[in-house]
Structure formats: C-alpha cells, structure tokens
Amino acid sequence: MPPPTGRKAAPPPPQRLLLLMTTNYFEFYALPETFQPDEAALKQKYYALSREYHPDFHATASPGRQQEILQLATLNTNAYRTLAHPEQRMAYILGLHGLLAEGKQELPTDFLMEVMDLNEQLMELEFEPDPTIVAQVQEEVNTLSATLDAGIAPVLGGYAGLPADVRPQALQQVRTYYLKRRYLLRIRESLAKFAARS
C-alpha cells in the first residue's frame with residue numbers, strides 16, 4: 001500500500017540494524033560459526049565496534065540514531081561476553097539451533113546409570129558428611145570430566161570445517177556433552193557444600 005500523498009515512505013533500516021534484529025552474534029562480527037573462534041580476531045572486532053558505537057562520537061546525531069547506536073553498543077557488549085566465554089559460547093550455538101529448548105534437555109540414560117553411584121554417595125553425605133568420601137567423589141567427577149573433554153575435543157575443533165549436512169550430527173554430540181558437563185557441575189557444587197561442612 002503506497003504512503004499517503006505528501007508523506008515519504010520510511011527508509012529501510014540500515015544493515016547494522018537488520019543484524020541487530022536478527023541478533024546472530026557470529027553474523028554481527030562477520031565471523032564463522034565455531035566453538036573455537038580466533039580469540040584475537042574476536043577481540044579486534046569487539047574493540048573496533050566499541051569505538052564505532054561510542055556515544056561520544058554520535059553526540060550530534062538525531063535522537064533516533066543515538067538510540068540505535070546505544071542498542072548496537074549493547075549488542076556488541078553482549079556478543080563479546082557470550083562468544084569470549086567457552087561455556088556461554090557453546091550454549092549460544094546450541095540455542096541458535098534450537099537444541100536447548102524445553103523438553104530437549106534430558107540426559108542420556110547410559111550417563112545417568114554411570115553416575116548413579118555418585119548420586120548415591122551424595123545422598124549418604126547429606127546424612128553423614130565424610131571428607132574422605134567427598135575427596136573420592138571429587139576424583140571420580142574429575143576423571144569423568146576429563147574423559148568427556150577428551151571425547152568432544154575433535155568435534156569442537158572440526159565443527160567449523162564440516163559440511164552443512166554433517167553439522168546436525170556434530171551438534172547433537174556437543175549438546176549431549178554440554179548437558180553432561182552441566183550435570184557434573186551440579187555435583188561439584190554439592191560437593192563444595194559438603195566439603196565446607198566437614
């Protein structure tokens with residue numbers, strides 16, 4: 001529908017604003033989607049955009065443009081904080097592909113069976129704190145974590161070079177790893193409480 005006579009149609013939003021709407025941090029930084037980004041390149045993009053979107057450089061711009069700059073500066077900060085942190089970066093990539101949605105966060109049965117003994121020991125610690133058992137469970141968790149890390153390392157390292165049709169399988173492996181790590185983190189947090197009590 002054409003605009004009413006005498007009024008100009010609103011100009012299309014600038015390219016950066018379109019990126020702001022989609023909020024894909026990798027696209028925003030013009031970097032490939034990867035679990036192991038080039039940290040120097042990431043930092044360089046962040047600092048360059050921090051200068052570009054600094055409010056002092058846009059003090060004479062229109063209120064609308066100043067608001068846009070503020071949003072872009074916020075997006076830049078959020079993008080860097082997320083992509084610079086390995087755990088947050090992993091969650092972000094999985095979220096981009098809808099793999100951390102409600103109902104998709106169940107753990108594999110074989111893993112739950114594997115850690116059943118750890119859970120039983122934790123329950124015993126609730127009633128009888130024992131520094132020896134705490135240390136023993138910590139050691140088991142450390143070993144399990146190291147095994148998980150070693151197993152996923154090739155997947156994380158090779159993800160960026162995978163063909164598009166192979167990536168979903170790799171993402172499923174990363175998702176399983178991520179959920180297992182979070183589970184082990186909860187066990188670590190419980191152990192820290194027991195260690196403080198004993």
Side-chain angles (χ1 to χ4, degrees), residues 1 3-4 7-107 145 148-149 152-153 155-162 164 167-168 170-186 188-189 192:
M1 183 175 172
R7 291 178 61 192
K8 292 183 180 177
Q15 187 61 30
R16 285 287 183 196
L17 196 54
L18 288 173
L19 285 175
L20 178 61
M21 293 174 195
T22 59
T23 324
N24 182 314
Y25 295 159
F26 289 103
E27 288 177 14
F28 183 68
Y29 281 147
L31 293 172
E33 182 181 302
T34 173
F35 288 99
Q36 297 178 341
D38 180 331
E39 291 182 19
L42 184 63
K43 195 173 284 189
Q44 188 178 23
K45 294 275 188 180
Y46 168 69
Y47 284 126
L49 291 178
S50 292
R51 287 190 296 273
E52 185 179 339
Y53 300 137
H54 196 286
D56 289 352
F57 297 139
H58 303 275
T60 59
S62 67
R65 177 61 178 159
Q66 287 187 24
Q67 183 61 33
E68 181 189 329
I69 289 297
L70 181 62
Q71 290 174 324
L72 288 165
T74 301
L75 174 57
N76 184 38
T77 300
N78 291 342
Y80 183 72
R81 282 179 180 164
T82 300
L83 297 185
H85 188 283
E87 194 81 6
Q88 291 181 32
R89 181 169 62 239
M90 188 176 292
Y92 178 72
I93 294 173
L94 293 172
L96 279 179
H97 296 275
L99 293 174
L100 291 183
E102 199 66 38
K104 291 194 175 183
Q105 298 191 41
E106 67 284 350
L107 281 154
S145 292
L148 285 176
D149 292 346
I152 203 65
V155 180
L156 298 178
Y159 176 79
L162 291 176
R167 282 191 173 192
L171 286 167
Q172 286 296 337
Q173 289 177 271
V174 176
R175 173 190 159 277
T176 301
Y177 165 82
Y178 176 78
L179 294 177
K180 287 178 177 180
R181 287 283 299 182
R182 283 184 61 190
Y183 189 89
L184 292 178
L185 178 62
R186 287 196 293 272
R188 286 186 196 277
E189 287 169 352

Hey, are Glu189 and Arg186 close enough for a salt bridge, meaning a charged N less than 4.0 Å from a carboxylate O?
no
Look up atom CG in Leu179 and atom CZ in Arg181, then write down how far apart they are to the nearest 0.5 Å.
12.5 Å
Answer yes or no: does atom CD of Glu106 have more than 12 heavy-atom neighbours from other residues, nucleotides or ligands under 6.0 Å?
yes
CD (Gln67) and OG (Ser62) are apart, to the nearest 0.5 Å, by 10.5 Å
Test your reading of the model: is there a side-chain donor-acceptor pair from His97 to the backbone of Leu99, 3.5 Å cut-off?
no
How close do Pro37 and Leu42 get, heavy atom to heavy atom, and via which atoms?
CG-CD2, 4.5 Å
Spell out, as yes or no, whether a donor-acceptor pair under 3.5 Å connects the side chain of Tyr29 to the backbone of Lys43.
no
Decide if atom CD of Gln172 counts as having more than 12 heavy atoms of other residues, nucleotides or ligands within a radius under 6.0 Å.
yes
Specify the closest pair of heavy atoms between Leu171 and Leu94, including all atoms of both residues, with the distance to one decimal.
O-CD2, 3.7 Å
Inter-residue atom distance Lys180.NZ - Arg182.CZ, 0.5 Å rounding
15.0 Å
I need the Leu75 CG to Tyr80 OH distance, nearest 0.5 Å.
15.0 Å
Taking atom types as modelled, find out whether Tyr159 and Glu33 have a side-chain donor-acceptor pair closer than 3.5 angstrom.
yes
Enclosure of Arg188 CZ (heavy-atom neighbours >12, cutoff 6.0 Å)
yes
CE of Met90 to CG of Leu83: how many Å apart, nearest 0.5 Å?
13.0 Å
Please test Leu72 against Leu49 for side-chain contact (heavy atoms from CB on, under 4.5 Å), starting from the C-alpha separation and ending with a verdict.
CA-CA 9 Å; Leu72 288 165; Leu49 291 178; over 6 Å; no
Check the pair Leu70, His58 against side-chain contact (heavy atoms from CB on, under 4.5 Å), reporting the backbone distance first and the verdict last.
CA-CA 10 Å; Leu70 181 62; His58 303 275; over 6 Å; no
Pair Leu31, Tyr25 - check side-chain contact (heavy atoms from CB on, under 4.5 Å), show working.
CA-CA 9 Å; Leu31 293 172; Tyr25 295 159; over 6 Å; no
Note: Leu100 and Ala91 closest approach over all heavy atoms is CD1-O, 3.6 Å
Do Tyr178 and Ile152 pass the side-chain contact (heavy atoms from CB on, under 4.5 Å) test, and can you show the C-alpha distance, the side-chain angles, and the key distance before you say yes or no?
CA-CA 10 Å; Tyr178 176 78; Ile152 203 65; over 6 Å; no
Minimum heavy-atom separation for Asn76 and Tyr46, please, with both atom names.
ND2-O, 3.2 Å
Parallel, tilted or perpendicular: ring planes of Phe26 versus Tyr92, cut at 30 and 60 degrees
tilted
What are the two closest heavy atoms between Ala30 and Lys45, and how far apart are they?
CB-NZ, 3.8 Å
How long is the gap from OG1 on Thr60 to CZ on Arg65, to the nearest 0.5 Å?
11.0 Å
